[in-house]
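Inspection log for the structure reproduced underneath, given as structure tokens.
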Amino acid sequence: MNAVSDQGAPRGRVQLVLLALLFFVPLLVSYILYFWFPEYRPSGTTNYGQLVDPAQSLPLNKMSLKNAQGETLEDVTLLGRWTYLILADDQCDEVCMRSLIMSRQVRLALNEKRSRVQHVLVVNSVEVAKNLSDQLAAEHPQLLVIADLGEDQRLDQILKPDDASLYLIDPHGNWLMAYPPLVDTPEGTLADFKGIRKDIKKLLRLSQIG
């Protein structure tokens with residue numbers, strides 16, 4: 001009886017290892033193909049946002065970013081999590097506000113995965129960053145407002161198109177996607193919400209980073 005049990009134990013472990021490989025290998029392969037070999041992505045793949053292909057690495061270490069208190073931000077501020085960037089100048093207009101609300105609602109809809117995503121408002125001065133941070137704190141408690149004070153390495157000079165409402169940055173600081181101005185109708189808002197949520201859920205499922 002003991003001999004049979006001893007023989008069965010290794011066989012059981014081998015079966016567990018094989019099952020684990022069957023589960024994890026496809027995920028690993030899909031992640032590698034998606035991020036490192038975009039030419040092998042299925043041609044039928046659709047995204048709601050405009051895909052930046054290939055993804056572009058932002059020069060975060062060359063940028064001058066400060067928080068609402070005027071403190072210089074480290075490069076890691078925009079690293080480690082998936083980031084929705086909203087660009088503004090000296091105020092947050094209606095288009096900006098719709099983008100803030102959309103990114104907040106998409107993030108909340110991710111439930112337990114929302115900690116992997118942040119939304120960031122980028123403005124052109126510390127004074128504006130402080131004012132907007134105070135004004136928006138009640139409705140957007142998780143929003144990070146930062147001032148981009150660079151000269152030739154500013155986000156508004158790098159991210160295209162200029163009229164996009166949202167830009168998606170991956171946890172490594174790569175710019176992956178841009179979304180056109182959000183539609184200000186109930187039907188358009190619902191379509192935008194479903195499309196943007198579908199994009200980020202797909203990325204979170206494919207990738208374990210962030």
Side-chain angles (χ1 to χ4, degrees), residues 34 41-42 44-53 55-56 58 68 77-78 80-124 128-148 154-171 173-207 209-210:
Y34 191 89
R41 293 175 191 166
T45 298
T46 58
N47 304 286
Y48 192 72
Q50 177 183 337
L51 190 66
V52 179
D53 191 8
Q56 298 183 25
L58 298 179
T77 302
L78 297 182
R81 287 195 284 178
W82 298 86
T83 301
Y84 284 116
L85 280 182
I86 301 111
L87 300 182
D89 292 322
D90 55 0
Q91 62 180 340
C92 188
D93 58 16
E94 292 183 6
V95 175
C96 170
M97 287 302 300
R98 285 200 296 272
S99 300
L100 288 179
I101 294 170
M102 179 63 68
S103 58
R104 179 193 66 191
Q105 295 306 110
V106 168
R107 180 179 177 275
L108 291 175
L110 297 174
N111 299 318
E112 72 278 0
K113 293 184 179 181
R114 65 179 178 270
S115 61
R116 298 175 63 188
V117 180
Q118 64 179 343
H119 61 152
V120 177
L121 175 61
V122 181
V123 296
N124 58 12
V128 173
K130 185 180 187 312
N131 291 338
L132 287 178
S133 183
D134 293 340
Q135 293 172 18
L136 299 169
E139 293 188 15
H140 303 274
Q142 302 300 318
L143 176 67
L144 174 62
V145 184
I146 63 176
D148 187 355
R154 294 200 315 270
L155 287 166
D156 62 359
Q157 296 173 326
I158 298 170
L159 301 174
K160 304 296 178 184
D162 296 334
D163 65 344
S165 59
L166 286 172
Y167 302 93
L168 182 62
I169 313 300
D170 79 4
N174 298 310
W175 169 34
L176 294 184
M177 206 169 289
Y179 293 91
L182 305 178
V183 181
D184 189 21
T185 65
E187 297 80 8
T189 298
L190 181 60
D192 286 335
F193 173 78
K194 289 182 176 179
I196 296 171
R197 181 183 61 176
K198 180 181 178 181
D199 283 350
I200 190 65
K201 288 180 70 174
K202 184 196 319 183
L203 289 168
L204 293 177
R205 184 175 66 251
L206 288 173
S207 169
I209 60 173

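Sequential numbering from 1 along the given sequence is applied to the chain's residues. When reading the values below, keep in mind they use all heavy atoms of this one structure, side chains included, and skip hydrogens, waters and symmetry mates.
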So, taking the atom named CZ in R81 and the one named CG in D170, what distance separates them when rounded to the nearest 0.5 Å?
14.0 Å

Using the side-chain hydrogen bond (donor to acceptor under 3.5 Å, both in side chains) criterion, which residues pair with H119? Sequence neighbours excluded.
S103

Checking S133 now: which residues fulfil side-chain hydrogen bond (donor to acceptor under 3.5 Å, both in side chains) with it, not counting sequence neighbours?
none

Residues passing the side-chain hydrogen bond (donor to acceptor under 3.5 Å, both in side chains) test with S99, sequence neighbours excluded, are none

How would you list, by chain and number, every residue that makes a side-chain contact (heavy atoms from CB on, under 4.5 Å) with Q50, sequence neighbours excluded?
P161

Under the criterion side chain to side chain contact (heavy atoms under 4.5 Å, CB included), which of V122, I169, V120 is the partner of L78?
V120

Of the non-hydrogen atoms in N47 and K202, which two are nearest, and what is the gap between them?
OD1-NZ, 3.4 Å

If you apply the rule side chain to side chain contact (heavy atoms under 4.5 Å, CB included), what do you find for M177 with L166, and how did you get there?
CA-CA 8 Å; M177 206 169 289; L166 286 172; over 6 Å; no

Salt bridge (Lys or Arg N to Asp or Glu O under 4.0 Å) contacts touching residues 130-139 (sequence neighbours left out)
K130-D134

Which pair of non-hydrogen atoms, one from K160 and one from W175, has the smallest distance, and what is that distance?
O-CZ2, 2.8 Å

Smallest heavy-atom separation, L121 atom then L143 atom, equals N-CD1, 3.8 Å

Please list all pairs meeting salt bridge (Lys or Arg N to Asp or Glu O under 4.0 Å) that have one or both residues in residues 178-193, counting only residues at least two apart or in different chains.
R98-D184

Only distances under 3.5 Å count here; give the side-chain donor-acceptor pairs of residues 106-114 to other protein atoms, sequence neighbours excluded, each with its distance to 0.1 Å.
unit_1, atom_1, unit_2, atom_2, d
R107, NE, R114, O, 3.3
R107, NE, V117, O, 2.7
R114, NH1, N111, O, 2.9

If you look only at distance, which donor and acceptor atoms sit under 3.5 Å apart when one is on a side chain in residues 84-96 and the other is two or more places apart or in another chain?
unit_1, atom_1, unit_2, atom_2, d
D93, OD1, V95, N, 3.2
D93, OD1, C96, N, 2.9

I'd like to know if the side chain of N174 reaches the main chain of A55, judged simply by a donor and an acceptor atom lying under 3.5 Å from each other, with no hydrogens or angles considered.
no

Residues forming a side-chain contact (heavy atoms from CB on, under 4.5 Å) with N131, sequence neighbours excluded
E127, Q135

CG/L144 to OG1/T83 distance, rounded to the nearest 0.5 angstrom?
9.0 Å

Between R116 and L204, what is the shortest heavy-atom contact and its length?
NH1-O, 3.3 Å

Derivation of the side chain to side chain contact (heavy atoms under 4.5 Å, CB included) call for I101 and L182:
CA-CA 11 Å; I101 294 170; L182 305 178; over 6 Å; no

For I158 and L58, the nearest pair of non-hydrogen atoms, with its separation, is CG2-CD2, 3.8 Å

The side-chain hydrogen bond (donor to acceptor under 3.5 Å, both in side chains) partners of R104 (sequence neighbours excluded) come to none

When you measure from the side chain of D199 to the backbone N and O of Y48, does any donor-acceptor pair fall under 3.5 Å?
yes

Between Q118 and T77, is there a donor-acceptor pair closer than 3.5 Å when you use the side chain of the first and the backbone of the second?
yes

